[in-house]
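Heads up: the structure comes next, in structure tokens.
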Amino acid sequence: MAPARPPSLLALLLLSLLLPQADTRSFVVDRDHDQFLLNGVPFRYVSGSLHYFRIPRVLWADRLLKMRMSGLNAIQFYVPWNYHEPEPGVYNFEGSRDLIAFLNEAYQADLLVILRPGPYICAEWEMGGLPSWLLRNPKIHLRTSDPDFLAAVDSWFKVLLPKIYPWLYHNGGNIISVQVENEYGSFKACDFSYLRHLAGLFRALLGDKILLFTTDGPEGLKCGTLKGVYTTIDFGPADNMTKIFNLLRKYEPHGPLVNSEYYTGWLDYWGQNHSTRSIPSVTRGLENMLHLGASVNMYMFHGGTNFGYWNGADEKGRFLPITTSYDYDAPLSEAGDPTPKLFALRNVISKFQEIPLGPLPPPSGKMILGPLTLRLDGSLLAFLDFLCPEGPIHSVLPLSFEAVKQDHGFMLYRTYLVNTYTELTSFWVPNNGLHDRAYVMMNGVFQGILERSMQYRLLLIGKMGDQLDVLVENMGRLSFGSNSSDFKGLLEPPLLGHQVLTQWSIFPLKIDKFVKWWLPAQSPKMPHLPTPSGPVFYSTTFPIVGTAGDTFLYLPKWSKGQVWINGFNLGRYWTKQGPQQTLYVPRPLLFPHGNLNIITVLELENVPLNPQIQFLDRPILNSTLHRTYLNEPLTHEQMELSGH
Ligand SMILES: *[C@@H]1O[C@H](CO)[C@@H](O)[C@H](O)[C@H]1NC(C)=O
Ligand SMILES: *[C@@H]1O[C@H](CO)[C@@H](O)[C@H](O)[C@H]1NC(C)=O
Ligand SMILES: *[C@@H]1O[C@H](CO)[C@@H](O)[C@H](O)[C@H]1NC(C)=O
Ligand SMILES: *[C@@H]1O[C@H](CO)[C@@H](O)[C@H](O)[C@H]1NC(C)=O
């Protein structure tokens, strides 16, 4: 993480020497002939989306090459603000966050770039790409001309946009166009002065030559478009292309037709069916648009993975977090393998433009390993001093994640009973004030789970002085919808019977630091819990003979949790819920040739009697076998019954 500074003149000069001649290069809209012109020649892009932040850095080149070989001449991608500015004024463009290296790799692969820097991106990404530290100011109005929001956006773009300036097409780079905001018309605010401010900022920092555009669904054109910024639209194979392009013509009477997000597949939510889009429907829609002369970006061409805590969520009657896999049923699978959909789309593209000669690289080698038996390291509560070395924060009422500057993951809320409850007494968080999931322990013994959007309660007994622990999981902030201020934690004080519980000790947990530091070999012999339940750490080490391959981690009969390989946070698993049953393990994470690898699992609910895991040679993303999710809120009577 280096302090940001503008590129030096020398760097710009060197770049202009390295890249082809700048003066003849142009990318513009030709309104007389409803087309784009690239260097003065009619041009249409057939593009695909992929997200560098969902792909391990060492595999970027592999994915880009496969996309070029599929016949694409451009890629489209977002820049997630929260991935690059973890704290206000602290920037990270290193390693997997090296955006410029990604632009360069796309350049090497002969791909033009359609850039979507936000500031809001949706992307089914945590908080739609906005940094959660914005919510440390609880009154902020995100995605509006609220001066506090604009000040943060301005200072971020003053760092980001000068970095990409040399990469604009007319400056010798590969960026042909830049999107302003994202589907802004779908956001309730409809604040044109905000959009105008953004467009002005882009113009001030990127100049007048670059093509700026907006993207909206058909219903969003009214509030999402802006004079002087080119209007594009997004829709999928099932939508009526003629009708939607006719509507687009009302806003953009002349110029090329552009579908900026043509959906090749769709996202998955935990607890719902796996989404797919059939090959014939996707190819037919693409062919129709290319016949019309439209430019198209396929969303996604390669989906990738929501590693760590980076998944977003939706609210549709209830809170719906997005799965760890972002495979998206896309033409290039999560593991980067060409699918039948890719070959079918490539066939369609080849009818309209030249496809690079040569075969597509074959699927990567896959590895099978296990079953491996994991060993209990201990309960999460037993490690509290390591997980929160600086100790708890004390507060009469519980504080949110944002208030104590915990962006992601988990916080533990602890209090002691001030009364004795000899009868089962209901414990709950009123006003849907639990964001998002709570694991409740009394004197260290697991009592059960509470969950956002679900009205159920736990029934507890306890005596004065008993220790009540509530571990709260942030399952990812809303990435779409009218309310993007998705605070996390206990947003209301819990109730036990009629008693408002107060006097909390709040432990922000640094689990990822702990996992990196903790080696199973160091773990002391823990007393064996007869039936371990509640949040526990399990781990083991294992060698890989020979070279490592891509593989898919399967945790059969485990419930829900988080898993790390060699300290890298692979993301959430939720075997009990589905549809995703396996986690993609990219081969670069593994140590080959007999070296030891470490797997660490934080299981939040229940460990199977046989605590085993396996590495499979194919993913399972579509299981509908396990249904434990309560789809309907329980009535009060049912709650009381279910507690007994
Ligand atoms: C698609 O929309 C066009 C124009 O509104 C209409 O004429 C046509 O019937 C629609 N097609 C279908 C299959 O609904
Ligand atoms: C989910 O899939 C199951 C099994 O294929 C099916 O019976 C059910 O109708 C699907 N649910 C939805 C909401 O599509
Ligand atoms: C958005 O949700 C938060 C809780 O995360 C709530 O405090 C806030 O009032 C909501 N805002 C609107 C406009 O609904
Ligand atoms: C899940 O996907 C696999 C592989 O595509 C397929 O063979 C299987 O039939 C699917 N299962 C369900 C329940 O849809």
Side-chain angles (χ1 to χ4, degrees), residues 34 216-222 231 233-253 257-259 262-294 296 300 302-305 322-345 362-364 366-368 550-557 573-585 614-629 631:
D34 294 343
D216 282 283
E219 74 298 334
L221 289 170
K222 198 161 155 269
T231 304
I233 202 152
D234 52 29
F235 61 90
D239 296 309
N240 184 332
M241 171 188 83
T242 315
K243 192 171 158 196
I244 293 175
F245 276 147
N246 285 347
L247 181 66
L248 175 62
R249 277 290 178 229
K250 297 210 167 88
Y251 291 83
E252 202 63 77
L257 294 169
V258 180
N259 184 347
Y262 176 62
Y263 304 109
T264 60
W266 200 248
L267 53 118
D268 282 349
Y269 301 109
W270 290 116
Q272 302 214 340
N273 286 349
H274 178 52
S275 305
T276 57
R277 294 288 180 272
S278 81
I279 296 174
S281 72
V282 175
T283 52
R284 200 182 315 123
L286 179 68
E287 188 153 356
N288 290 341
M289 286 186 288
L290 295 184
H291 264 303
L292 266 188
V296 180
M300 300 295 296
H302 172 50
T305 310
I322 281 141
T323 54
T324 301
S325 171
Y326 199 64
D327 177 87
Y328 214 84
D329 197 29
L332 206 51
S333 75
E334 183 177 11
D337 293 332
T339 66
K341 191 178 279 178
L342 181 145
F343 290 103
L345 288 167
S364 64
K366 301 293 186 295
M367 189 182 82
I368 298 181
D550 281 341
T551 186
F552 302 91
L553 173 62
Y554 182 40
L555 297 110
K557 299 202 170 68
Y573 67 90
W574 202 344
T575 313
K576 223 168 110 180
Q577 180 89 279
Q580 178 176 3
Q581 296 292 309
T582 57
L583 294 173
Y584 172 49
V585 184
Q614 291 175 51
F615 292 97
L616 308 181
D617 62 355
R618 70 198 58 185
I620 307 170
L621 300 177
N622 60 355
S623 170
T624 49
L625 297 179
H626 310 262
R627 270 195 76 253
T628 55
Y629 207 87
N631 282 302

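These numbers were taken from a predicted model, which means no experiment stands behind them. Ligands are counted one by one from 1 in listed order, and the atoms in each one are counted from 1 as well.
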Practice task
Taking the side chain as every heavy atom from C-beta outward, state whether L257 and E252 have any pair of such atoms under 4.5 Å apart.
Solution key: no
Practice task
State, with a plain yes or no, whether a side-chain heavy atom of M241 is found less than 4.5 Å away from one of L292.
Solution key: yes
Exercise for the section: Establish, from distance only, whether the side-chain atoms of S325 and E334 form a donor-acceptor pair under 3.5 Å. Expected result: yes
Practice task
Mind telling me whether F235 and Y262 have parallel, tilted or perpendicular rings, with 30° and 60° as the class edges?
Solution key: perpendicular
Do any nitrogen or oxygen atoms of ligand 4 lie under 3.5 Å from a protein nitrogen or oxygen, and which ones?
{"from": "ligand 4", "atom 1": "2 (O)", "to": "N622", "atom 2": "ND2", "distance (Å)": "2.2"}
{"from": "ligand 4", "atom 1": "11 (N)", "to": "N622", "atom 2": "ND2", "distance (Å)": "3.0"}
{"from": "ligand 4", "atom 1": "14 (O)", "to": "N622", "atom 2": "ND2", "distance (Å)": "3.4"}

Handout entry: Atom indices of ligand 1, in the order listed, that fall short of 4.0 Å to a heavy atom of K243
Key = 2 (O), 5 (O)
Exercise for the section: For residues D234 and N259, report the shortest heavy-atom separation together with the two atoms involved. Expected result: CA-OD1, 3.2 Å
Practice task
Determine yes or no for a side-chain-to-main-chain donor-acceptor pair under 3.5 angstrom, with T551 supplying the side chain and M367 the backbone.
Solution key: yes
Practice task
Answer yes or no: is there an ion pair linking D337 with R618, defined by an N-O contact shorter than 4.0 Å?
Solution key: no
Exercise for the section: Output yes when the distance from some N or O of ligand 1 to some N or O of N240 is under 3.5 Å, and no in every other case. Expected result: yes
